[in-house]
Amino acid sequence: MVSVFYSSSLSANVSKIAKGKNGSWVHATNPSQEELQKLADDYDLDVDLLKDALDLYESPRVETHKNQIYVFTRYYYDNKDVINATEPVLFIYHPDCLITLLRVDSGIFKNLTLQTSTTVTTQKTKLLLQLFFQINNSYHGQLNKVTRYILQVRSELKKTNIKNEALLALLEIEDDLNEILSALQPHASVLRTILNGKSIKLFEGDKDLIEDLSLSTNELIELVKPRLKTLANIRQAHEALATSDLNRTFKRLTSISIFLMVPAIMAGIYGMNILLPFQNNINAFWIVIGLTVLVTSGMWWYFNRKHWL
């Protein structure tokens with residue numbers, strides 16, 4: 001679907017229009033091949049670059065075609081239909097308008113298209129930077145959720161009762177964080193490319209905005225790294241605790257088997273059809289039981305003293 005929005009500094013809000021014009025924002029979401037070709041024909045775009053934006057694994061970069069700037073990047077979107085945690089997005093800095101292309105209808109830019117929005121589409125560069133802020137906000141929102149969940153699991157680690165479901169969730173989060181990091185690093189490179197002003201003309205106010213964006217992106221990268229380290233520490237700590245619990249269990253089972261071995265040996269000896277001590281004594285049974293209890297108790301005391309239980 002292709003939608004066109006327009007607003008200027010003189011208009012009160014954003015309005016949806018039927019056809020693109022100078023200063024408009026053309027927003028394409030999950031376009032069909034026919035819509036993609038029409039978009040390319042109407043605005044003299046490179047259709048191959050447009051198709052790249054529909055590739056789930058497209059990486060952030062900046063391309064130039066004729067007098068148009070194609071800015072590829074990625075944003076966070078938890079799509080249950082795919083394994084990826086991030087989705088590609090394409091910004092086309094056209095001489096007449098700004099064009100955005102999304103592979104799926106994620107709604108990441110929805111608040112900028114509302115009539116109550118103060119977005120000014122005629123200010124292309126500022127609009128582009130606003131869209132980049134929405135991308136950074138998508139990462140911030142996810143990192144806040146991840147942080148809360150990690151703190152919750154870490155508190156459970158102190159009680160050594162982490163469930164398997166929680167561990168599997170941590171593994172999924174770790175995969176997502178690695179993917180986010182691999183998306184943010186080239187995303188930061190894209191912002192630096194824009195900041196140098198060679199591809200897109202920047203005004204002083206725009207430079208301040210993009211510097212804030214670069215700073216925000218670097219902060220996101222620095223937020224991801226310690227969380228990955230925390231996840232690794234939790235996994236290692238859980239493995240150590242699980243190994244320790246397993247060792248204690250084996251020690252207990254080994255001790256129990258040794259304690260049971262003494263009565264078995266005594267019973268085996270006194271079950272043989274040969275001459276044995278106390279066999280003519282009417283209290284032989286209780287003597288054997290007493291000796292068994294005495295030896296077993298002595299072994300238990302020794303094992304307990306050595307902390308083998």
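As the structure is a computational prediction, the values presented were derived from the model and not from experiment.
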Nearest heavy-atom neighbours spanning R103 and D55 = CD-C, 4.3 Å
query = Do T296 and P263 have side-chain heavy atoms sitting under 4.5 Å apart?
reply = yes
ask   = Are L131 and V120 grouped together when hydrophobic residues (ILVMFWY) are joined by side-chain heavy atoms under 4.5 angstrom apart?
value = no
request  = Could you walk me through whether E35 and L39 pass the side chain to side chain contact (heavy atoms under 4.5 Å, CB included) test, one step at a time?
outcome  = CA-CA 6 Å; E35 289 175 326; L39 196 64; over 6 Å; no
message = Side chains of D52 and Y70, heavy atoms from C-beta outward: is any pair under 4.5 Å?
response = no
inquiry  = Among residues at least two apart in sequence or on other chains, which ones pass salt bridge (Lys or Arg N to Asp or Glu O under 4.0 Å) with E63?
reply    = R61
task = Drop me the distance from L143's CG to L177's CG, to the nearest 0.5 angstrom.
result = 6.5 Å
note = Interatomic distance, CG@L56 vs CG@N84, rounded to 0.5 Å, equals 4.0 Å
Side chain to side chain donor-acceptor pair (under 3.5 Å) partners of Q37, counting only residues at least two apart = D41
message = If you define the side chain from C-beta out and look only at heavy atoms, does anything of F132 sit under 4.5 Å from T217?
response = no
Partner set under side chain to side chain contact (heavy atoms under 4.5 Å, CB included) for E172, not counting sequence neighbours = none
task = Identify, with sequence neighbours excluded, every residue that meets side chain to side chain donor-acceptor pair (under 3.5 Å) alongside T125.
result = Y93
message = Quick check: do P31 and L101 have side-chain heavy atoms less than 4.5 Å from each other?
response = yes
Exam field: side chain S7 to backbone T119, donor-acceptor pair closer than 3.5 Å = yes
ask   = Can you tell me how far NE2 of H187 sits from OG1 of T86, rounded to the nearest 0.5 angstrom?
value = 11.5 Å
request  = Evaluate the criterion side chain to side chain contact (heavy atoms under 4.5 Å, CB included) for residue pair Q68 and D46; output intermediate values, then yes/no.
outcome  = CA-CA 9 Å; Q68 304 148 3; D46 187 331; 5.9 Å; no
ask   = Is there a side-chain contact between L228 and E174, using heavy atoms and a 4.5 Å cut-off?
value = yes
ask   = Mind checking whether V26 and I92 sit in one hydrophobic cluster, side chains of I, L, V, M, F, W, Y counted as touching below 4.5 Å?
value = yes
inquiry  = Using every non-hydrogen atom in the two residues, find where P88 and A53 come nearest and quote the distance to one decimal.
reply    = CG-O, 3.5 Å
inquiry  = Hydrophobic clusters here meaning ILVMFWY residues chained together by side-chain heavy-atom distances under 4.5 Å, can you tell me if V146 and V224 are in one?
reply    = yes
ask   = Cut-off 3.5 Å, side chains only: do D105 and T29 have a donor facing an acceptor?
value = no
task = Count the heavy atoms belonging to other residues, nucleotides or ligands that lie under 6.0 Å from CD1 of I282, then report whether that count exceeds 12.
result = no
note = Rounding to 0.5 Å, atoms CG (L127) and CZ (F109) come to a distance of 9.5 Å
request  = On the 0 to 90° scale, with breaks at 30° and 60°, tag the H27-F5 ring pair as parallel, tilted or perpendicular.
outcome  = tilted
query = Of the non-hydrogen atoms in T121 and S24, which two are nearest, and what is the gap between them?
reply = OG1-CA, 4.1 Å
remark   = To the nearest 0.5 Å, atom CG of L223 lies from atom CG of L184 at 10.0 Å
ask   = Taking side chain as C-beta onward, heavy atoms only, is V71 less than 4.5 Å from L90?
value = no
key: Side chain proximity check, N30 to L102, heavy atoms < 4.5 angstrom   = no
request  = Supply the atom-to-atom distance N137 CG to S216 OG, rounded to the nearest 0.5 angstrom.
outcome  = 7.5 Å
task = Using the rule that two of Ile, Leu, Val, Met, Phe, Trp, Tyr join whenever any of their side-chain heavy atoms come within less than 4.5 Å, decide whether W301 and V295 are in one cluster.
result = yes
request  = Report the C-alpha distance between R305 and W300 in whole Å, list the side-chain angles of each, state the deciding distance to 0.1 Å, and finish with yes or no for side chain to side chain contact (heavy atoms under 4.5 Å, CB included).
outcome  = CA-CA 8 Å; R305 183 180 180 184; W300 179 87; over 6 Å; no
ask   = Looking only at heavy atoms, what is the nearest atom pair of P95 and K124, with distance?
value = O-NZ, 3.0 Å
remark   = Nearest heavy-atom approach of L36 to L50 is O-CD1, 3.8 Å
request  = Please list, chain by chain and in numerical order, all residues satisfying side chain to side chain contact (heavy atoms under 4.5 Å, CB included) with V104, sequence neighbours excluded.
outcome  = Y75, Y77, N79, E87, S106
task = Could you tell me which non-hydrogen atom of Y76 sits nearest to which non-hydrogen atom of A85, and how far apart they are?
result = CD1-O, 3.2 Å
query = Are side-chain heavy atoms of F303 and I258 found at a separation under 4.5 Å?
reply = yes
query = Please walk me through it: do I180 and L220 pass side chain to side chain contact (heavy atoms under 4.5 Å, CB included)?
reply = CA-CA 9 Å; I180 288 172; L220 285 170; over 6 Å; no
query = In chain order, what residues pass the side chain to side chain donor-acceptor pair (under 3.5 Å) check against K38, with sequence neighbours excluded?
reply = D42
key: H94 side chain to N67 side chain, donor-acceptor N/O pair below 3.5 angstrom   = no
request  = Assess the side chains of R227 and T147: does a donor N or O sit below 3.5 Å from an acceptor N or O?
outcome  = yes
ask   = What about M1 and I108, same hydrophobic cluster or not, with Ile/Leu/Val/Met/Phe/Trp/Tyr joined at side-chain heavy-atom distances under 4.5 Å?
value = no
